[in-house]
Chemist: 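Sharing a structure here in structure tokens format.
Hydrogens, waters and symmetry mates are skipped; everything else that's a heavy atom, side chains included, is used. Chain naming here is simple, since letters A, B, ... match the order of the sequence lines and numbering starts at 1 in each.
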Amino acid sequence: MDDAPLRIGSHTFGSRLLVGTGKYASYETMQEALDVSGSECITVAVRRERLIDAEGKNLLDFIDTKRYTILPNTAGCFTADDAIRVARLGREILTQMNNPGANWVKLEVLGDTRTLLPDPIATLEATEKLVEEGFEVLVYTSDDPIVAKRLKAAGASSVMPAGSPIGSGQGILNANALKICLEYLKEDDPDYPVIIDAGVGAASDVTMAMELGADGVLLNTGIAHAADPIRMARAMKAAIEAGYDSYLSGRIPKKLYATASSPTEGVIGLSKTK
Amino acid sequence: MDDAPLRIGSHTFGSRLLVGTGKYASYETMQEALDVSGSECITVAVRRERLIDAEGKNLLDFIDTKRYTILPNTAGCFTADDAIRVARLGREILTQMNNPGANWVKLEVLGDTRTLLPDPIATLEATEKLVEEGFEVLVYTSDDPIVAKRLKAAGASSVMPAGSPIGSGQGILNANALKICLEYLKEDDPDYPVIIDAGVGAASDVTMAMELGADGVLLNTGIAHAADPIRMARAMKAAIEAGYDSYLSGRIPKKLYATASSPTEGVIGLSKTK
Amino acid sequence: MDDAPLRIGSHTFGSRLLVGTGKYASYETMQEALDVSGSECITVAVRRERLIDAEGKNLLDFIDTKRYTILPNTAGCFTADDAIRVARLGREILTQMNNPGANWVKLEVLGDTRTLLPDPIATLEATEKLVEEGFEVLVYTSDDPIVAKRLKAAGASSVMPAGSPIGSGQGILNANALKICLEYLKEDDPDYPVIIDAGVGAASDVTMAMELGADGVLLNTGIAHAADPIRMARAMKAAIEAGYDSYLSGRIPKKLYATASSPTEGVIGLSKTK
Amino acid sequence: MDDAPLRIGSHTFGSRLLVGTGKYASYETMQEALDVSGSECITVAVRRERLIDAEGKNLLDFIDTKRYTILPNTAGCFTADDAIRVARLGREILTQMNNPGANWVKLEVLGDTRTLLPDPIATLEATEKLVEEGFEVLVYTSDDPIVAKRLKAAGASSVMPAGSPIGSGQGILNANALKICLEYLKEDDPDYPVIIDAGVGAASDVTMAMELGADGVLLNTGIAHAADPIRMARAMKAAIEAGYDSYLSGRIPKKLYATASSPTEGVIGLSKTK
Amino acid sequence: MKITLNGEPYDLDQSLTIAGLLERLGMTGRPVAVEVNRQLVPRAEHDGCQLAEADEVEVVTLVGGG
Amino acid sequence: MKITLNGEPYDLDQSLTIAGLLERLGMTGRPVAVEVNRQLVPRAEHDGCQLAEADEVEVVTLVGGG
Amino acid sequence: MKITLNGEPYDLDQSLTIAGLLERLGMTGRPVAVEVNRQLVPRAEHDGCQLAEADEVEVVTLVGGG
Amino acid sequence: MKITLNGEPYDLDQSLTIAGLLERLGMTGRPVAVEVNRQLVPRAEHDGCQLAEADEVEVVTLVGGG
């Protein structure tokens with residue numbers, strides 16, 4: 001079977017699962033979960049260096065930067081300007097590390113500290129400026145199809161609609177909206193990458209996202225806060241493959257009821273049936 | 001990670017996917033789909049031998065009976081007596097073939113030719129008699145929890161509630177009812193095997209079924225009538241693994257919204273946030 | 001507009017809402033809720049007379065038996081024999097009261113004390129016997145379509161499938177199953193009354209039940225345990241009317257998106273649209 | 001029971017149902033449907049006068065402008081400037097008619113001719129300008145909570161999120177998003193009016209919208225294109241009342257299963273129960 | 001004489017009919033139904049039905065239920 | 001004199017005010033609003049507003065919509 | 001001699017055992033099960049079981065099913 | 001000399017370059033990025049960039065996030 005790689009901007013991955021690196025009980029658990037997930041692309045945040053305890057454990061000591069493409073994000077930013085500053089800082093660090101992730105960013109511009117929902121207006125503004133600065137922009141947004149359409153028009157390398165709010169574990173709340181997003185983003189451009197970002201709670205959420213025709217899924221909390229993150233990482237790896245194949249296989253239509261799986265002719269002489 | 005095998009009566013399988021052999025465009029396609037699905041247990045129907053064209057292709061020429069445990073079913077029966085006759089005929093054939101499936105049966109007693117929904121009353125009656133005759137009975141039933149409870153009490157080796165009508169592709173229509181079925185069937189007996197049988201349309205249906213705590217899934221049309229049965233077989237294999245791991249991993253709770261995946265402290269000096 | 005009355009057996013009602021009389025904080029609240037609900041048919045249980053405090057308040061002191069047709073139920077019975085005894089006792093009392101409800105019964109034969117789910121096998125047995133004794137039987141059952149079909153065949157005056165478990169407040173959990181129940185019960189007999197019994201939590205559950213094509217809804221806890229039972233009674237009255245009209249009106253089909261509500265021609269000369 | 005009127009800006013209505021005037025088979029049908037709906041506020045579009053056949057039937061000949069407050073809309077506009085022009089034109093006409101609707105507008109700025117989904121960015125821009133010009137702006141938007149929040153901050157008199165795309169008949173596709181919209185719009189301002197606009201197909205959609213805590217519902221196609229618009233208008237009237245009361249009544253919580261509606265003590269001496 | 005009344009032991013100093021029992025219980029004319037040994041005894045037979053030692057009597061009425 | 005009226009070319013043999021145009025169109029007193037070159041002209045100014053060559057005039061009313 | 005074989009009339013010029021019938025049908029050694037008059041006849045009894053006039057014989061095998 | 005370092009007041013007894021500051025912080029060679037007064041200063045300019053009184057300096061690195 002043909003298993004196309006995931007292409008986003010100048011990047012190509014064998015795995016369609018993108019995972020975060022936050023909220024793990026320990027770096028060791030994170031390291032094993034990343035390994036088991038099969039992901040080749042991991043997202044990280046940019047934060048102030050701890051000045052005391054500077055010898056303390058550092059995320060980068062637990063990440064094989066030869067193996068993973070690092071996707072720096074602008075989590076925690078609430079204005080376009082702040083997101084642009086953070087994007088530049090992330091690029092600077094990854095450039096020093098010679099990591100291929102130096103040319104892109106996961107753009108988050110949030111509208112509210114409580115719900116962490118994205119601000120479409122500020123997100124669009126930041127997308128335009130970062131694209132101008134040569135960034136490949138993977139942009140986190142709501143499932144609003146018109147906003148998705150405008151973000152692609154602004155030059156985003158990938159639009160990443162949320163299935164449900166970050167960390168909510170609600171999965172796909174509005175399949176109808178995501179279908180319209182996919183219709184907009186892929187018409188006349190079927191290879192344009194659409195990633196479902198945020199909201200995933202269980203493996204079935206990932207499988208459903210892929211069955212809608214998404215190109216990949218990005219998640220963090222669903223694995224990091226599961227009771228058994230390692231096993232959940234394995235679940236998510238299988239869920240991506242299941243959903244990708246299921247979408248490409250052309251599922252049977254839904255009916256109110258029933259058609260026989262066994263032949264109806266050739267049955268032995270039976271008592272009169274109803 | 002501990003991957004427990006699936007145990008039903010005297011049978012043990014590494015794969016938790018049980019697949020049917022009906023409705024394929026060709027025996028060759030069926031053969032490859034069975035192989036790709038990873039299933040070790042396949043269900044077949046009992047029908048009159050074609051007397052003319054007796055040299056024609058036969059299902060059994062395409063099944064490696066050393067590899068697969070065959071589960072004969074009573075599809076097409078509408079009374080307890082007929083189902084019992086067909087169960088005995090299936091056992092006779094499998095005995096000749098020395099297949100381990102000679103001691104069990106997938107019991108279907110249907111209530112209506114149009115919807116192929118099971119008849120709980122006749123099904124219960126047939127279960128009691130077949131158990132008396134020494135069959136290990138895997139019984140297809142609706143998602144009615146009390147019927148499920150009574151079928152187990154009647155000695156069924158596995159109760160197999162439908163997610164939705166046979167071949168409908170509706171997936172899991174009533175998760176609430178299946179949860180109560182599982183609660184009844186597994187209380188004080190956590191290893192009692194519960195298989196979700198029928199209704200599966202896409203991989204996410206299988207993953208969801210397993211996330212409810214089912215021990216396995218039996219399906220046929222979802223693979224056989226997909227546009228690409230081979231790829232769908234691979235999807236279903238991954239979907240079973242995803243759902244099994246997802247259930248065991250202890251998923252995060254669902255919330256109305258959002259908790260941050262990235263740390264909220266240590267953000268650089270930002271413009272005033274909302 | 002033609003508003004057909006609800007006909008069940010020999011009974012005819014202007015309201016399609018049937019309400020229970022249990023679980024109210026006070027008889028006075030019950031009395032007002034019944035009044036506001038507009039219901040003309042109320043169901044009651046049969047229980048041992050309190051021998052001490054026999055002068056205490058009695059349900060019947062708060063029910064205008066000229067206004068309401070009383071539907072005695074067999075709640076609390078777990079075998080066909082017990083349900084039949086209770087049905088006879090209810091009939092005896094209503095006969096003394098000259099209430100029109102003396103010739104019928106709401107049959108409940110439960111399968112389990114914890115979930116109060118109906119036992120299809122015992123329910124079918126009791127239905128047959130009570131019909132023989134001349135009762136008009138309104139039978140509470142699960143949403144299993146084959147059981148529903150057999151209960152009608154056994155002579156039930158009305159089959160009353162549950163939307164979800166008694167008192168669960170889950171509303172309609174399996175619209176697909178109820179649609180098949182309605183198809184079975186009404187084919188060649190469109191006037192056969194089907195009542196959705198149990199599970200209602202909010203008004204929208206009642207409206208949805210009616211939009212499926214049900215003839216009425218029976219509920220108790222949804223009103224009795226609401227924070228404001230009187231207002232909820234009014235909500236349920238309106239919900240029944242809304243759902244009945246909505247079903248008869250022939251709703252618009254569902255589409256992925258949008259057709260204009262305002263004319264697309266005749267718009268003033270606009271800036272170039274997308 | 002206290003039935004608070006619906007207050008939007010300077011307007012007060014007894015009915016919480018707002019209806020459109022488009023897509024009816026005839027003006028006579030529209031007239032009767034408006035009457036039966038009980039609505040006191042109807043929305044209309046602004047279009048070029050037909051210059052030939054100027055004597056032809058005119059909408060206004062069928063609307064009692066003393067009875068209804070007219071809400072002019074900007075349907076068909078795809079830029080902020082066009083919407084503003086159309087808003088001014090509507091105000092001019094209603095001023096001549098001395099209709100109280102002269103001071104407000106239903107703002108629609110659409111992002112795409114195919115789906116008629118709103119453009120959040122242009123909608124926000126138009127809201128700011130129209131508020132400056134003294135309009136009471138009722139703004140149609142998607143269910144994006146951050147956009148809803150910003151539209152209120154821009155001075156909208158009412159934010160009107162869509163349940164689903166205009167005319168799609170899908171009802172409420174994302175209750176979670178609407179709950180967050182309501183939380184944002186009503187915190188510290190519980191009387192701020194939130195109207196669910198668009199997507200309604202059946203009465204249950206209206207009841208559900210109100211049960212979320214919305215202050216009203218605006219719809220058009222659901223009535224105008226129903227097979228029987230008059231009866232559907234009556235259904236929608238009842239559905240609004242049902243949902244309003246149901247929300248205020250404090251519904252029972254949802255449970256996996258069952259609590260008894262009839263007393264569990266005092267049952268006659270029964271056969272041993274399970 | 002001992003009977004069981006609604007599941008509880010109950011003493012009768014003398015033999016009674018069902019009508020007599022109901023009178024003694026102050027339930028005459030109340031809407032109740034009576035079972036003796038799991039058989040319904042209709043109101044019309046209450047006068048004629050003499051209770052015997054060890055009879056199991058149920059006296060039931062209608063209560064709120066759903 | 002040529003103007004554009006509701007998007008169509010329209011000839012005026014003589015110069016007219018908006019009021020004059022509406023009269024000619026038989027719309028005097030009808031509930032309509034008028035835009036000239038994308039600017040609304042309120043009813044009160046219809047008498048005073050003289051149309052010029054190539055003016056883009058929109059005459060609009062209310063129609064059914066949702 | 002006439003029997004019913006899989007629901008169809010079937011002529012036997014001579015009396016046969018089940019084994020004989022299967023041989024004639026070219027099914028010897030094939031994985032089939034045989035019912036005579038709704039009673040299963042196990043393989044081990046095929047040689048000994050003589051068919052009689054009007055017997056209803058079913059010869060079944062396994063086919064694809066779900 | 002006083003600067004603000006990662007939001008906190010910080011004293012420098014002598015004027016330093018960014019490179020000097022990082023050395024003093026023991027971060028030489030660590031993967032960090034530096035902003036002075038909200039402008040990124042690329043690694044190549046760390047030696048040449050002299051810090052001034054009241055500069056707002058941010059020294060950031062990568063941490064776990066989603």
Chemist: Could you tell me the separation between the CZ atom of D/Arg88 and the CD atom of F/Gln39, rounded to the nearest 0.5 Å?
Modeler: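 Here the interatomic distance stands at 6.5 Å.
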Chemist: For D/Ala75 and F/Gly66, work out which heavy atoms get closest and say how close.
Modeler: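 For D/Ala75 and F/Gly66, the tightest heavy-atom pair comes out as CB-O, 4.4 Å.
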Chemist: Please look at D/Leu71 and chain F and tell me whether the side chain, the backbone, both or neither of the residue comes under 4.5 angstrom of a heavy atom of that chain.
Modeler: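 Neither part, no heavy atoms under 4.5 Å.
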Chemist: Nearest 0.5 Å please: distance from the CD1 atom of D/Ile93 over to the CG atom of F/Leu62.
Modeler: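 Going from the CD1 atom of D/Ile93 to the CG atom of F/Leu62 covers 4.0 Å.
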Chemist: Are D/Arg48 and F/Glu58 within salt-bridge range, i.e. N to O under 4.0 Å?
Modeler: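 Salt bridge present between D/Arg48 and F/Glu58.
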Chemist: Could you check if a side-chain atom of F/Glu35 sits within less than 4.5 angstrom of a side-chain atom of D/Leu89, using non-hydrogen atoms only?
Modeler: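 The answer is yes, as the side chains (C-beta and beyond) meet within the 4.5 Å cut-off.
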Chemist: Taking C-beta and beyond as the side chain, do F/Arg38 and D/Asp82 meet within less than 4.5 Å on heavy atoms?
Modeler: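 Yes, side chains in contact.
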Chemist: Sort out for me which of D/Arg85, D/Arg91, D/Glu92 touches chain F most, counting heavy-atom pairs under 4.5 Å.
Modeler: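 Between D/Arg85, D/Arg91, D/Glu92, the count favours D/Arg85.
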Chemist: Between the main-chain N or O of D/Arg50 and the side-chain N or O of F/Asn6, is there a donor-acceptor pair closer than 3.5 Å?
Modeler: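 Pair absent, no side-chain N/O of F/Asn6 close to backbone of D/Arg50.
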Chemist: Locate the shortest heavy-atom distance separating D/Gln96 from F/Pro31; write the atom from each residue and the value.
Modeler: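 In terms of heavy atoms, the two residues are closest at OE1-CA, 3.8 Å.
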Chemist: Return the minimal non-hydrogen interatomic distance between D/Ala45 and F/Gly64, and the atom names on each side.
Modeler: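 Here D/Ala45 and F/Gly64 meet closest at CB-O, 4.2 Å.
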Chemist: Answer yes or no: does atom CD of F/Gln50 have more than 12 heavy-atom neighbours from other residues, nucleotides or ligands under 6.0 Å?
Modeler: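 Enclosed.
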Chemist: Atom CG of F/Leu5 and atom CD of D/Glu49: how far apart are they, to the nearest 0.5 Å?
Modeler: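 The CG atom of F/Leu5 sits 10.5 Å away from the CD atom of D/Glu49.
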Chemist: Is any side-chain heavy atom of F/Thr61 closer than 4.5 Å to a side-chain heavy atom of D/Asn58?
Modeler: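 In short, these two side chains touch, coming nearer than 4.5 Å.
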